[in-house]
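Okay, structure first, notes after.
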Amino acid sequence: MDLKLRSYVAVGSYALRFFDCVAPLSEQLRDQVRGFGAKNERIRLIRNAVDLSEVEPFRDRRSGLRNPDSRRIGYVGQLIPRKNVVDLIQAFELVAARVDDVELVVVGDGPERPSLEARVAASDLGARVRFLGYRADRLEHMANFDVFALASRYEGIPRVLMEAQAMGVPVVAYDIPGVDQLVTSGETGLLAPVDDVHGLADALLEVLREPGLGACLAENARNAVVESCSPDRMAGEYLDLYRELAA
C-alpha cells in the first residue's frame with residue numbers, strides 16, 4: 001500500500017474500536033477489523049452489492065457496441081499502486097505477442113498514469129494500448145470489453161468486478177481476498193496467482209481463444225451476482241442494522 005492508504009488505514013483501524021457497530025463488506029475485511037480491536041458483538045457483515053438497474057441497459061446493448069475487427073481487454077479503475085496496472089500491461093505485452101487483433105483499454109485516472117503511459121510509449125505496443133482517463137460513461141466502455149482484467153494486490157469486494165459480471169463480461173483477475181468472494185476460477189471467471197504475470201496472460205489468452213468458455217464463465221458469473229449481490233438485499237440489511245442501533 002502507498003503512504004496515503006497506509007495512513008488512512010492506521011487512523012481508521014484505531015477509530016473502529018470506538019464505534020457502536022462496524023459493517024465490513026467481506027469476510028476478509030471482517031477478519032481485519034477484528035484484528036484492529038473491534039469487538040465481535042459490534043461487527044455486522046453486510047456484503048457489497050451492485051446496482052443491476054444501472055448495468056442492465058448496457059448488457060442489452062453489448063453485442064451492438066463491440067468491435068468485430070478487434071478484441072478488447074479492459075480495465076476500469078484508479079491508476080494507483082495497489083491496483084497494480086503495471087502487471088496488467090506486462091501481461092498484455094505477452095498476449096499481444098501471440099494475438100494480433102487485441103487491444104488494451106484503460107479507463108480511469110490517477111498518479112501512476114504518466115509512468116504507465118511512458119512504459120507503453122517505450123514498448124512496441126503503440127496504438128494497441130489506449131488510456132481514456134476518467135470517464136463518466138465507464139459502463140458503455142465496459143460493454144465493449146471482450147474480457148475484463150484486474151491485477152490488484154489488495155481489494156475489498158470490488159464493485160467494478162461485480163459490474164462486469166452483471167453485464168456479462170468474462171473476468172480474469174489475480175487470486176486475492178475479496179476477489180475470491182466473487183470469482184470461482186473455472187466457473188465464474190479465471191484467477192491467476194498474485195504477481196504471476198505469465199499466469200494472468202495465459203488466463204487472458206484462454207478466454208480470448210475460447211469464446212465458448214468466456215460465454216459460460218460470464219453467464220455463471222451473472223447468475224451468481226444477480227442472486228447474491230442485489231442492492232435491495234444490501235439496503236435491507238443496513239435498514240435492519242439502523243433500526244437496531246436506533247432502538
Side-chain angles (χ1 to χ4, degrees), residues 55-77 79 83-108 113 116-117 119-121 123-133 135 137-152 158 160-175 179 182-183 185-192 196-222 225:
V55 173
E56 198 66 22
F58 296 97
R59 176 177 177 268
D60 294 339
R61 296 163 54 199
R62 238 175 84 68
S63 60
L65 290 170
R66 293 163 71 191
N67 183 352
D69 298 322
S70 179
R71 290 175 287 176
R72 291 187 176 97
I73 297 170
Y75 166 80
V76 177
L79 305 184
K83 296 293 185 177
N84 197 28
V85 179
V86 65
D87 270 23
L88 178 55
I89 291 174
Q90 290 176 335
F92 179 73
E93 290 174 346
L94 298 173
V95 171
R98 299 163 71 179
V99 178
D100 292 329
D101 63 333
V102 64
E103 63 179 354
L104 174 64
V105 178
V106 179
V107 179
R113 182 175 177 178
L116 294 171
E117 289 181 321
R119 179 187 177 89
V120 170
S123 72
D124 296 327
L125 296 177
R128 297 177 72 178
V129 179
R130 293 191 290 133
F131 290 88
L132 303 187
R135 299 295 297 255
D137 58 348
R138 73 186 191 288
L139 293 179
E140 184 160 352
H141 288 281
M142 188 183 290
N144 279 289
F145 296 165
D146 292 274
V147 54
F148 179 87
L150 190 68
S152 296
V160 68
L161 197 58
M162 289 189 287
E163 288 177 336
Q165 291 178 314
M167 195 179 289
V169 181
V171 300
V172 168
Y174 275 156
D175 188 358
V179 168
L182 297 173
V183 181
S185 195
E187 295 183 17
T188 56
L190 294 180
L191 297 176
D196 183 356
V197 172
H198 286 270
L200 189 65
D202 288 343
L204 291 168
L205 282 167
E206 191 172 356
V207 173
L208 291 172
R209 288 173 170 172
E210 300 183 34
L213 171 64
C216 182
L217 295 173
E219 182 66 19
N220 291 343
R222 174 173 166 75
V225 166

Checklist outcome for this item: CG (Leu204) and CZ (Arg98) are apart, to the nearest 0.5 Å, by 11.0 Å
Checklist outcome for this item: Nearest heavy-atom approach of Leu200 to Ala151 is CD2-CB, 4.1 Å
Checklist entry - Between CG of Asp100 and CZ of Arg71, what distance do you get to the nearest 0.5 Å? => result 9.5 Å
Item to check | Gly214 to Val207 - nearest heavy-atom pair and separation | outcome: CA-CG1, 4.2 Å
Checklist entry - Under the salt bridge (charged side-chain N to carboxylate O under 4.0 Å, His left out) criterion, do Asp202 and Arg209 qualify, and how do the steps go? => result CA-CA 10 Å; Asp202 288 343; Arg209 288 173 170 172; over 6 Å; no
Item to check | Residue pair Val99 / Leu205: nearest heavy atoms and the distance that separates them | outcome: CG2-CD2, 3.4 Å
Next on the checklist: Are the side chains of Tyr75 and Val160 in contact, using a 4.5 Å heavy-atom criterion?
Outcome noted: no
Checklist entry - Is there a side-chain contact between Leu150 and Pro158 (heavy atoms, below 4.5 Å)? => result yes
Item to check | Under 3.5 Å donor-acceptor, Gln165 side chain and Leu182 backbone | outcome: yes
Checklist entry - For Leu191, does its backbone N or O pair with a side-chain atom of Asp175 as donor and acceptor, under 3.5 Å? => result no
Checklist entry - Which heavy atom of Ala218 sits nearest a heavy atom of Gly168, and at what distance? => result CB-O, 3.3 Å
Next on the checklist: I'd like to check Lys83 versus Leu88 (side-chain heavy atoms, cut-off strictly below 4.5 Å). Are they in contact?
Outcome noted: no
Checklist entry - Below 4.5 Å, heavy atoms only, C-beta onward: do Met142 and Phe58 meet side chain to side chain? => result no
Item to check | Phe148 vs Glu163 side-chain heavy atoms within contact, under 4.5 Å | outcome: no
Next on the checklist: I'd like to check Tyr174 versus Val197 (side-chain heavy atoms, cut-off strictly below 4.5 Å). Are they in contact?
Outcome noted: yes
Item to check | Nearest heavy-atom neighbours spanning Ala91 and Ala201 | outcome: O-CB, 3.6 Å
Checklist entry - Taking atom CD1 of Ile73 and atom CG of Asp146, what is their separation to the nearest 0.5 Å? => result 9.0 Å
Checklist outcome for this item: Rounded to the nearest 0.5 angstrom, the CG-CD distance for Leu213 and Glu206 is 5.5 Å
Checklist entry - Charged N to carboxylate O under 4.0 angstrom, Arg222 versus Glu219? => result no
Item to check | Between CD1 on residue Ile89 and CG on residue Asn84, distance to nearest 0.5 Å | outcome: 10.0 Å
Item to check | Residue pair Arg128 / Leu104, side-chain heavy-atom distance below 4.5 Å | outcome: no
Next on the checklist: Once rounded to the nearest 0.5 Å, what's the spacing between atom NE2 of His141 and atom CZ of Arg72?
Outcome noted: 9.5 Å
Checklist outcome for this item: Minimal heavy-atom distance between Gly108 and Leu79, with the atoms involved, is O-CD1, 3.6 Å
Item to check | Side-chain heavy atoms of Phe145 within contact of Met167, under 4.5 Å | outcome: no
